[in-house]
2 protein chains.
Amino acid sequence: MTTATAFASAPTATRSIGRTPAVAFERHDEIGLAELQAHVPAVRRKIAQGQYLYRAGQPFAALFLVNTGCFKTCELAEDGREQVTGFRMRGDLVGVESIGLSQFACDVVALEDGEVWELPYPPMLTACLRIPVLQARLTSALAEEVRRDRLWMLALGTLGAERRVAAFLLDLAERHARLGFSGRHFILRMSRADMASYLALKHETVSRALSRLDALGHIAVQRREIRILDADGLRHGAEAVH
Amino acid sequence: MTTATAFASAPTATRSIGRTPAVAFERHDEIGLAELQAHVPAVRRKIAQGQYLYRAGQPFAALFLVNTGCFKTCELAEDGREQVTGFRMRGDLVGVESIGLSQFACDVVALEDGEVWELPYPPMLTACLRIPVLQARLTSALAEEVRRDRLWMLALGTLGAERRVAAFLLDLAERHARLGFSGRHFILRMSRADMASYLALKHETVSRALSRLDALGHIAVQRREIRILDADGLRHGAEAVH
DNA sequence: AACGCTCGGTAACGGACTGTAACCGGCGTG
DNA sequence: CACGCCGGTTACAGTCCGTTACCGAGCGTT
C-alpha cells in the first residue's frame, strides 16, 4: 500500500486504490521504459537476496525502477527505532523519498534475487525539463506516493490488527493482479517479522491474525502461501477500531 | 511532522528533522514568494475558521501556500474511517497530495481564520519547465512530504501514546521556532480531538499523556497553552514500544 | 441567573494487543 | 542421524490504551 507505480511496463489496467480513481494523465500518455531509456541512460543492476539496493547515508544519485524481485524499504531513527515502510515490486519506482537530498534517506533491501533499472537522477531531471510528459509523470509518481502513504497512515490509525492484516493481503493481491498474475493465489515474499513491522504489530499477532482469517474461511494459509477465498469477507470482516 | 515546507518566506534556518540534514539545493537557491509570483499568477484568499480550504472531490486546479493561520488535512475512507493526517502552517505548501489527479484527494479545514496564496497548478507546471530551480524546488517539496509522512509512520508504529504526544509537541515547537517564534512557549491551534486523531489515540489518552508530561515536569500545560520545560526529557522520556 | 452546549480533565474498568515462552517443522551442517 | 538454527505457530499472563462515565470551566442564549 506504499508504492510509486510509474513507467510500469505491466499490462495496462485501470487502477482503483481507495478513493483515487482519476489519474492525471491518460494511460496512452505514459512514457514506457523503452521511451524513457531514449532520454535517460538507464543501467541494469542485479541484487541478490538480502543485499541492500541502497542504505541511508549513501550518496543519492539515481532512482531505481524494479524489474524483478521484491524489496522492502526500512525507515530507521537515530534512537534505534526501525520500521518497514513499504514493499516494492515490478514497476515500482524506488528512491523518490531521497530526491532533493545528497544522501539516501532510508534502507532498501532485496527480499529475493532481483533486478532493477538504475536511472541516474541529474540526467532524469534535465530530461524532465525537455519533455513535459516525463516531468508530469515524475511529479505524479511522487504525489501518488504521498497519497499511498497517507492511506496507509489511515489504515494504521483506524484499523485493528486483524483488519490491518486483511487490508495488507488485499493490497498485495491487487498489485499482484495488476501485474497480470493471479489475485487469489500468491506467495508472500517477506517474513512474518517484516509484515509485522510494516503493519506496526508483533509477528505473533500477525500469525494469530492469519490463523484467525484462515479459521473464518476468508483465506487459506500455508507458511508463505496465501489463497484468497472470500475477498469481501476480508474487506468487511471486522469493524473499524472506531 | 507532516508538511511540505517550500518557498518559505520565513527566516532561513538550517533544518534538522530526524535523519535528513542535507537539503538538495542550498538555501540561497530557494525561490521566494516574490520571485515565484513573477512566474505564477498567485491569488490571495482568506479562509474563516472552520471553513474548508478544499474538500475531497472538488476539482483540483491549484496548490496553496499558507500565509497565516493553521489548517488540518483529513483523510477519509469510503467506509467512514477518518483521520487527521497533518497540520499546516505558514510556509507550508498544501495540496501536493492531489497533484496528478483531477480532483482533490482529501479535506483541508481552517483551524482559525487564515490566509493563503492560491497557486494555479497548470501555470505552475509550465513555469517549472522554463525555470529549472522552480522545478527542482517543487520536486523537493514533494519528496520532503514523503519523508515526513514516513517519519510519522515510524513514530505511529514504534512509539507509545505518551512518547507520541511528546514527539508531536517537539515537532510543533521546532516548526514554531523555524518561523521565528518561541520554541518553548506556544498555543495549540487544534482541539484535543484533532490531536488525538492525528496521533491515532483517543482524546482522553492525549489528556492523560499531557497531564503526565506536566507532572513529570517536562512541560507546563494550561488548556491550549504549552510551555516546554525540558526538551531532552520529552525526547528521551520513555523508551520505545519495541 | 439559569440553561444548554462544547471542550477539557479525571477515574475505574475491560479488552486488545504485547511479551514471554514453549513447541513444531524444515533445512543446513557437523 | 543428531544437532542447532530459523521461521512460524500457539498458549498464557501482563499491560497499555480504549471505553464509559462523570465533573468542571467557558460561553452564548434565553
Side-chain angles (χ1 to χ4, degrees), chain A residues 49-50 70 72 81-84 109 111-112 155-169 187-216 219-226 237-242, chain B residues 49-50 70 72 81-84 109 111-112 155-169 187-216 219-226 237-242:
Chain A
Q49 181 178 58
C70 185
K72 65 173 175 182
R81 280 155 39 223
E82 185 177 347
Q83 184 168 2
V84 174
V109 182
L111 294 172
E112 54 186 347
L156 285 182
T158 57
L159 297 180
E162 200 171 306
R163 290 212 56 189
R164 284 220 278 275
V165 174
F168 176 65
L169 293 180
I187 306 293
L188 295 172
R189 307 321 214 296
M190 72 293 295
S191 70
R192 295 289 191 268
D194 285 334
M195 288 180 57
S197 174
Y198 179 56
L199 298 166
L201 298 170
K202 296 303 163 198
H203 62 95
E204 297 92 332
T205 307
V206 174
S207 264
R208 279 188 285 259
L210 287 173
S211 302
R212 183 112 206 294
L213 292 173
D214 184 307
L216 287 172
I219 60 175
V221 194
Q222 251 180 353
R223 314 271 306 167
R224 297 200 175 184
E225 195 178 343
I226 301 286
E239 62 286 17
V241 163
H242 225 202
Chain B
Q49 181 178 58
C70 185
K72 65 173 175 181
R81 281 154 39 222
E82 185 177 347
Q83 184 168 0
V84 174
V109 183
L111 295 172
E112 53 187 347
L156 285 183
T158 58
L159 297 180
E162 198 172 308
R163 292 212 56 188
R164 284 219 280 274
V165 173
F168 176 65
L169 292 180
I187 306 292
L188 296 171
R189 306 322 213 297
M190 71 293 294
S191 70
R192 295 290 190 267
D194 284 335
M195 287 180 58
S197 174
Y198 178 57
L199 298 165
L201 298 169
K202 294 301 163 194
H203 62 92
E204 295 91 334
T205 307
V206 174
S207 266
R208 273 193 293 254
L210 287 173
S211 303
R212 184 110 205 294
L213 293 173
D214 186 305
L216 288 172
I219 61 174
V221 194
Q222 251 180 352
R223 311 278 300 173
R224 297 199 177 186
E225 195 178 344
I226 301 286
E239 62 288 13
V241 162
H242 221 218

**Request:** Report which part of the nucleic acid A196(A) touches: base, sugar-phosphate, or nothing (heavy-atom distance under 4.0 Å, all strands).
**Result:** nothing
**Request:** Pick base, sugar-phosphate or nothing for S207(A), based on heavy-atom distances below 4.0 Å to the nucleic acid.
**Result:** base
**Fill in**
When every non-hydrogen atom of L111(B) is compared with those of Q49(B), the smallest separation belongs to O-NE2, 3.0 Å
Which nucleotide in the list [options] gets nearest to the side chain of [X]?
X	options	value
L201(A)	dG9(C), dG8(D), dC17(C)	dC17(C)
K202(A)	dT18(C), dC7(C), dG8(D)	dT18(C)
S191(A)	dG9(C), dG8(D), dC17(D)	dG8(D)

Spell out, as yes or no, whether a donor-acceptor pair under 3.5 Å connects the side chain of [X] to the backbone of [Y].
X	Y	answer
E225(A)	I187(A)	no
R164(A)	L199(A)	yes
R192(B)	K202(B)	no
S197(A)	A193(A)	no

Using whole Å, report how far [atom1] of [X] lies from [atom2] of [N].
X	N	atom1	atom2	value
D214(B)	dG8(C)	CG	C1'	14 Å
I219(B)	dG9(C)	CD1	P	10 Å
M195(A)	dG8(D)	CE	P	9 Å
H203(A)	dG7(D)	NE2	P	10 Å
Q222(A)	dT9(D)	CD	P	11 Å
L210(B)	dG9(C)	CG	P	7 Å
R224(A)	dC6(D)	CZ	P	14 Å
D194(B)	dT6(C)	CG	C1'	14 Å

Nucleotide N/O to protein N/O under 3.5 Å, stretch nucleotides 11-15 of chain C:
from: dA12(C); atom 1: N6; to: R208(B); atom 2: NH1; distance (Å): 3.4

**Request:** Taking only the side-chain nitrogens and oxygens of T205(A), find out if one of them lies under 4.0 Å from OP1 or OP2 of dT18(C).
**Result:** yes
**Item:** Any side-chain heavy-atom pair of V221(A) and L213(A) under 4.5 Å
**Value:** no
**Request:** State which residues pass salt bridge (Lys or Arg N to Asp or Glu O under 4.0 Å) with R189(B); sequence neighbours excluded, sorted by chain then number.
**Result:** E112(B)
